Amino acid sequence: VVGSCGGQPCYWLVTDGEPVSVVAQPLSLGATAGATGGYAKGVNDNGAICGSVSNDNITIQAAVFWPSAGETPIELSSGGAALDVNNNGIVVGLVGYNAAAWHVASDGTVVGPVLLGGSGAAHSINDSNLVVGDDAFPGGQAVAWLLDWDGTSLNVVSQWPVIDPSGLNYSAAKSVNEAGDIVGGLQVPGNYPEAFYVNASLEPQTLPSLVDNRKKYTHNEPAQDINNASPPQVLGYALVLDRKYGGQQTGSGHVLWQGGSVLALSDVVESPLPRPQYLEALNDAGWIVGSGAATEPSGGIYYPIVIIAR
């Protein structure tokens, strides 16, 4: 598991256990010279890690790549952020306000950045080198890029919209699995942001809403991640809205969709374990990682947590 602890890029080694647990003691990844903070964002099956380091824990200073945990990080680009890495050594993210990609060879040689669009960010890449993200920031639309690495250069083969942008304030693709299924978020003018899920043919897939009671219902907020389970699991967020008061928000929480079912992740967490607050990613085994807020007496303290949804 990769992330940030105390403003520093860190990783954790987690073993199977209880359905919800506080992640074990973090191990520091280290940072480039002059950096005082940062975070790790993506990790591939070979243990390579990508992320960012900063000089004040807020301003992004550089996109970086760790060949493996404990190795010296390689700077990819100043003013950038690395958000995901696949098993082919292709890293995606952004430089300035532009979606970007790099290739990192086994000897540490970096090719890139290759700018993918006019502006935006590349959020996710699979092993077919299919990249998803958003273009035309601010506002933006969900887009996909197909990349090719020929051994010496990294090239954009094609680019296409994931969601028809007509009539939308914005759309953004957040994650793609190995089958080419894509999830993210969009907003229709005058409405709350909502989740979308399309298959490899860009056909919309249903993400059912939770039913709370006769007075309340949930509105699906943008989806964060999708895995390679069969059928795929999708991690997202939902608002609880009250019909009695004109659809005003009365609560919120993370949800997990699979097939025609939806699970409120707060339902699987019992006191005194931390309550899920910011869940960001899941793997093919249904392990969900993020942070949780401690219950009393230490409320307000956030811990990295793992939820195992089987």
Side-chain angles (χ1 to χ4, degrees), residues 41-42 50 52 60 63 77 79-86 90-102 112-148 154-207 209 219-227 232 234-239 255 257 280-281:
K41 186 67 175 178
C50 68
S52 298
I60 294 176
S77 293
L83 303 178
D84 197 16
V85 56
N86 71 4
I90 299 177
V91 182
V92 296
L94 69 157
V95 175
Y97 294 104
N98 296 284
W102 304 260
V114 173
L115 301 183
L116 305 182
S119 58
H123 294 285
S124 178
I125 182 171
N126 68 14
D127 288 340
S128 297
N129 300 336
L130 177 61
V131 182
V132 299
D134 56 90
D135 196 8
F137 180 88
Q141 67 174 23
V143 293
W145 300 269
L146 183 62
L147 305 184
D148 175 64
L154 185 61
N155 302 292
V156 179
V157 176
S158 56
Q159 174 182 341
W160 60 93
V162 173
I163 295 288
D164 183 353
S166 303
L168 298 180
N169 277 348
Y170 82 91
S171 62
K174 291 296 186 180
S175 181
V176 58
N177 67 11
E178 294 304 324
D181 302 323
I182 301 169
V183 298
L186 59 84
Q187 185 179 31
V188 176
N191 291 348
Y192 286 100
E194 59 187 89
F196 75 78
Y197 170 21
V198 297
N199 64 17
S201 299
L202 303 184
E203 299 167 333
Q205 306 296 296
T206 300
L207 293 173
S209 295
H219 177 86
N220 295 335
E221 287 278 282
Q224 290 292 111
D225 201 7
I226 184 170
N227 67 10
V234 177
L235 175 66
Y237 195 76
L239 298 180
V255 292
W257 295 282
E280 297 193 29

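Bear in mind the structure is a predicted one, so any value in this text is a computation, not a measurement.
- In this structure, the side chains of D127 and E178 come closer than 4.5 Å at one or more pairs of heavy atoms.
- When atom types are taken as modelled, the side chain of S171 and the backbone of A142 share a donor-acceptor pair closer than 3.5 angstrom.
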Where do D225 and S175 land on the side-chain hydrogen bond (donor to acceptor under 3.5 Å, both in side chains) test, with the steps shown first? CA-CA 5 Å; D225 201 7; S175 181; 2.6 Å; yes
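- Checking side-chain atoms of N155 against main-chain N and O of V157 turns up no donor-acceptor pair under 3.5 Å.
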Q159 vs D135, test: side-chain contact (heavy atoms from CB on, under 4.5 Å). Steps then yes/no. CA-CA 11 Å; Q159 174 182 341; D135 196 8; 3.4 Å; yes
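- Side chains of L147 and L116 form a contact here, defined as non-hydrogen atoms less than 4.5 Å apart.
- For the pair P113 and V95, the tightest heavy-atom approach, listed with the atom from each and the gap, is CB-CG2, 4.0 Å.
- Side-chain atoms of S77 and W102, non-hydrogen and from C-beta on, do get closer than 4.5 Å to each other.
- In this structure, H123 and L83 approach most closely via the heavy-atom pair ND1-CD1, 3.8 Å.
- Between A82 and A63, the closest heavy-atom pair is N-CB, 3.6 Å.
- Of all heavy-atom pairs spanning A173 and V132, the tightest one is CB-CB, 3.7 Å.
- Between N86 and the options V92, V91, N129, a side chain to side chain contact (heavy atoms under 4.5 Å, CB included) holds for only N129.
- Side-chain contact annotation: W145 with S158, donor-acceptor N/O pair under 3.5 Å absent.
- Taking CG from D181 and CG from N126, the interatomic distance works out to 10.0 Å, rounded to the nearest 0.5 Å.
- For the atom pair NZ (K174) and CD1 (I182), the distance works out to 14.0 Å, reported to the nearest 0.5 Å.
- Side chains of Y170 and P193 form a contact here, defined as non-hydrogen atoms less than 4.5 Å apart.
- For E280, the salt bridge (Lys or Arg N to Asp or Glu O under 4.0 Å) criterion is met by K41, not counting sequence neighbours.
- In this structure, V176 and I125 have side chains that are not in contact, with every pair of non-hydrogen atoms separated by 4.5 Å or more.
- One N or O on the side chain of N177 and one on the backbone of N227 form a donor-acceptor pair closer than 3.5 Å.
- Nearest heavy atoms, V234 versus A223: CG1-CB, 3.7 Å.
- A distance of 6.5 Å separates OG in S119 from CG in N98, rounded to the nearest 0.5 Å.
- In this structure, the side chain of Q187 does not engage the main chain of G185 through any donor-acceptor pair within 3.5 Å.
- At a threshold of 4.5 Å between non-hydrogen side-chain atoms, the residues W257 and T206 do not count as touching.
- Contact check for I163 versus F196: side-chain heavy atoms found under the 4.5 Å cut-off.
- Put simply, CG on L168 and CG on N191 are 10.5 Å apart, with the number rounded to the nearest 0.5 Å.
- Between L235 and A281 the shortest heavy-atom distance is CD2-N, 3.5 Å.
- Contact of the W160 side chain with the V143 side chain is not registered, since no non-hydrogen atoms from C-beta on lie closer than 4.5 Å.
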